[in-house]
Structure formats: C-alpha cells, structure tokens
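Structure first, then comments.
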Amino acid sequence: MNYWLMKSEPDCFSFDDLQKAGVEPWDGVRNYQARNMLRDEIQVGDGVLFYHSNCKEPAIVGIAEVVRNGYPDPTAFDPREKHFDPRSNPANPRWYQVDVKYVRHLKQALSRDDLRRHPVLSKMGVLKKGNRLSVMPVTAEQWQAIVRDA
DNA sequence: GCCAACGTTGGC
DNA sequence: GCCAACGTTGGC
C-alpha cells in the first residue's frame, strides 16, 4: 500500500466536487513522470491526499482512495476535450488515469504554512519550489502524521 | 544531441 | 499580475 498527493485546482475540480461525485476519474494529466505513476505504480487501495492548488488558500483538504488501477485516459482521444492529444489513440494510449473515491475531509485543512511548521510534513514534495507534478508520492510517515491528527 | 525559445504551473 | 522553475519543442 502506497500513499500519494494529488493536486487539483478548486476552481476546476474541488474536493467538495469529489464528495458530490463519490468516485471520479483523475484525468487530464499530461506529464510523463506523473503518467508513469498513474500507469505503473498507483494501485487500488492506495491512500490519496487531496491538495488544492493555484488558489487563494492552497492546502491539503481531504483524504481519498484509489478505486481503479491505471487505464487509458479517454479525454486524450476526443478533439473536443481541452486535453486532447492527437498523438494518443486507443491502440497506443499515451496518457493514463486512475479513479479516486472520496473518503473524508480533514478536520482542518493544512495550509502550506501548517505543513512548513510540522517536523515531518515540512519535508513534503509539494512544498518544494518549482514542483509541478500533479501526482507525487507521500511517505507512510507523512501519511500517518496527517491521518492521525487531522 | 544541444540548447534557445516558448508555454505552463503555481505560490506569492 | 508577477515571475521563477521547469517541461517541451524544434531548428541546427
């Protein structure tokens, strides 16, 4: 069992949206490093920290769970989609997605300042400057520090 | 294969 | 809105 942090822009898709949806495909990722994790590493049952990015109050807001292993991202095949990629096709898919399920909100969202102040969480990749990965690994220690206290 | 130009991300 | 960081593109 592994743990991940996934970013979403709340103006686009928020954690409340995930709660309403229940289960949602994590689509539109167009970065090879992230693709490799989605396709090869992220497994059903893995834990997900849901992070709101590019917004007024960037923060880890809740917990989700992977409920489907990596499979081809169909939005890459559709020219009407924002993330359409003509180089990807069903016979030879380039981009992958997983399905994630809402679990629960944190009692209190963890802002970047909260994370920076924490002895364990201050090491999280999401705090690193210039980090642009929309999916990144979280250590068991970091996961437990969050799930235990929040 | 190098690298400059360009686009995107995302905190601030 | 600014700008640093980084990935991608494409000419050579």
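Chain A is the first sequence line, chain B the second, and so forth, proteins listed ahead of strands; every chain is numbered from 1. Since we're looking at a predicted model, the values are computed, not measured.
- Hydrophobic cluster membership of A/Phe77, counting Ile, Leu, Val, Met, Phe, Trp and Tyr whose side-chain heavy atoms lie under 4.5 Å apart directly or via other members: none, as it forms a cluster of its own.
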Under 3.5 Å donor-acceptor pairs involving side-chain atoms of residues 25-34 of chain A, not counting sequence neighbours:
from	atom 1	to	atom 2	distance (Å)
A/Arg30	NE	A/His83	O	2.9
A/Arg30	NH1	A/Asp73	OD2	2.9
A/Arg30	NH2	A/Asp73	OD2	3.4
A/Arg30	NH2	A/Thr75	OG1	3.1
A/Arg30	NH2	A/His83	O	2.9
A/Asn31	OD1	A/Gln33	N	3.0
A/Asn31	OD1	A/Ala34	N	3.0
A/Tyr32	OH	A/Arg94	NH1	2.8

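- Every residue meeting the side-chain hydrogen bond (donor to acceptor under 3.5 Å, both in side chains) condition with A/Tyr51, not counting sequence neighbours, appears here in chain and number order: A/Arg112.
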N/O donor to acceptor pairs below 3.5 angstrom from side-chain atoms of residues 55-70 of chain A, sequence neighbours left out:
from	atom 1	to	atom 2	distance (Å)
A/Asn69	OD1	A/Val44	N	2.7

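- Heavy atoms of A/Arg35 sit nowhere under 4.0 angstrom from any nucleic acid atom.
- Interface limits on DNA chain B: the 5'-most and 3'-most nucleotides within less than 4.0 Å of chain A heavy atoms are B/dG7 to B/dC12.
- Residues passing the ring-ring contact (aromatic ring centres under 6.0 Å, His included) test with A/His118, sequence neighbours excluded: none.
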